[in-house]
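Have a look at the structure below, then the notes.
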Amino acid sequence: MGATIINAVAVVLGATVGLVFKSRIGEDFKKIVMVSAGLVTLVLGLDMAVSSSETLVILFSLIFGGFIGTWLRIEDRVEGLGNRFAGEGDSSFGMAFLNSSLLFCSGAMSIVGSIEAGTGQGWNLILVKSVMDGFMAIVFAAAYGKGVYLSALTIIVYQGFFTLAGAWISPLLGDEGIAVISASGGFLLLMLALGLLEVKKIKTGNFLPALVLAPVLLYASSFFNMI
């Protein structure tokens with residue numbers, strides 16, 4: 001769990017720096033920060049989205065995942081949870097929590113790095129991710145606010161799970177399973193980027209079930225191909 005804790009601390013430190021800068025810049029400069037965050041998220045999402053060639057698997061995982069997430073109202077509930085931590089008068093807290101959590105936990109580095117750390121293969125990948133997340137936390141905190149702090153808890157829970165259960169999850173998912181999760185996460189980041197760039201507001205959180213469905217549908221498609 002040590003590597004995951006370092007990752008969470010890096011996000012907290014980055015968010016602190018971002019909040020200091022946020023209080024010192026005007027609205028025009030805040031828009032620049034938002035556009036910068038959107039463009040970086042767009043590039044990250046594109047890079048992840050093409051990490052798997054299983055196009056149909058990813059398509060159906062996004063469709064069915066979106067149906068499930070909309071039915072469960074995941075985005076509204078997560079935002080509500082975040083706003084409950086902030087109290088009355090800070091409606092942006094939940095959005096900051098949700099979007100930063102998506103950014104920090106959607107990629108393959110979260111899964112692969114955590115599994116490597118948990119199985120004794122080293123902390124290198126998570127340490128690299130920690131540096132990247134720390135810098136992105138600066139930008140996101142400056143753009144969204146203090147809700148980014150709470151995403152450190154998401155990192156501990158999400159990556160901590162893969163760290164502790166890595167020994168049996170790694171052979172179960174395999175390289176292809178991790179690739180489709182990463183690609184699906186890339187499309188979620190693209191949705192997030194569209195919102196940051198004010199192109200299209202999408203309830204990205206409602207598509208979170210796609211990350212679970214992607215490896216399941218991949219396994220199902222492989223099974224039927226064998227018959």
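All values reported here derive from a predicted model rather than from experimental measurement.
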Does Ile156 form a side chain to side chain contact (heavy atoms under 4.5 Å, CB included) with Met1? I'd like the steps, not just the answer.
CA-CA 8 Å; Ile156 291 175; Met1 286 289 291; 4.1 Å; yes
Run the side chain to side chain contact (heavy atoms under 4.5 Å, CB included) check on Phe93 and Leu150 step by step: do they pass?
CA-CA 9 Å; Phe93 190 98; Leu150 196 56; 3.9 Å; yes
Practice problem: Could you give me the CA-CA distance, side-chain angles and deciding distance for Ser151 and Ser101, then say whether side chain to side chain donor-acceptor pair (under 3.5 Å) is met? | Solution: CA-CA 5 Å; Ser151 65; Ser101 294; 4.8 Å; no
* To do: Take Leu44 and Leu103, measure what side chain to side chain contact (heavy atoms under 4.5 Å, CB included) needs, and give me the verdict at the end.
  => CA-CA 9 Å; Leu44 288 173; Leu103 178 66; 4.2 Å; yes
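The list of ring pair (Phe, Tyr, Trp, His ring centres under 6.0 Å) pairs with a residue in residues 165-207, not counting sequence neighbours, is empty.
No side-chain donor-acceptor contact under 3.5 Å links Gln159 to the backbone of Ile111. For Ser110 (side chain) and Ser106 (main-chain N/O), no donor-acceptor pair under 3.5 Å exists by modelled atom type. Distance alone, capped at 3.5 Å, places no donor-acceptor pair between the Asn206 side chain and the Gly66 backbone. The backbone N or O of Phe67 lies less than 3.5 Å from no partner atom in the side chain of Thr70, so there is not a single donor-acceptor pair.
To the nearest 0.5 Å, the span separating CD1 on Ile58 from CG on Leu213 amounts to 12.5 Å. Atoms OG and NZ, from Ser36 and Lys31 in turn, are 14.0 Å apart once rounded to the nearest 0.5 Å. To the nearest 0.5 Å, atom CZ of residue Phe104 and atom CE of residue Met132 are 10.5 Å apart. Once rounded to the nearest 0.5 Å, the distance linking NZ of Lys129 with CG of Asn124 reads 15.0 Å. For the atom pair Leu164 CG and Thr4 OG1, the distance stands at 8.0 Å (nearest 0.5 Å).
The shortest non-hydrogen separation linking Val35 to Leu197 is O-CD2, 3.6 Å.
Taking Ile, Leu, Val, Met, Phe, Trp and Tyr as hydrophobic and joining them when side-chain heavy atoms fall under 4.5 Å apart, one finds Val216 isolated, its cluster having no other members.
Within a 6.0 Å radius of NZ in Lys201, other residues, nucleotides and ligands contribute more than 12 heavy atoms.
Scanning for side-chain hydrogen bond (donor to acceptor under 3.5 Å, both in side chains) contacts around Thr16 gives Tyr149, with sequence neighbours left out. Remark: Lys22 pairs with no residue by the side-chain hydrogen bond (donor to acceptor under 3.5 Å, both in side chains) rule, at least two apart or across chains. Residues meeting the ring pair (Phe, Tyr, Trp, His ring centres under 6.0 Å) test with Tyr144, sequence neighbours left out: Phe140.
A side-chain contact (heavy atoms from CB on, under 4.5 Å) with Met34 is found for one member of Val139, Leu39, Leu196 and no other, namely Leu196.
Using cut-offs of 30° and 60° on the angle between ring planes, the pair Tyr158 and Phe162 is perpendicular.
Under the 4.5 Å side-chain heavy-atom criterion for grouping Ile, Leu, Val, Met, Phe, Trp and Tyr, Leu59 is connected to Leu208 within one hydrophobic cluster.
A heavy-atom distance below 4.5 Å is found between the side chains of Ile115 and Ile169.
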Give every donor-acceptor pair under 3.5 Å between a side-chain atom in residues 175-184 and any protein atom, sequence neighbours left out.
residue, atom, partner, partner atom, Å
Ser184, OG, Val180, O, 2.9

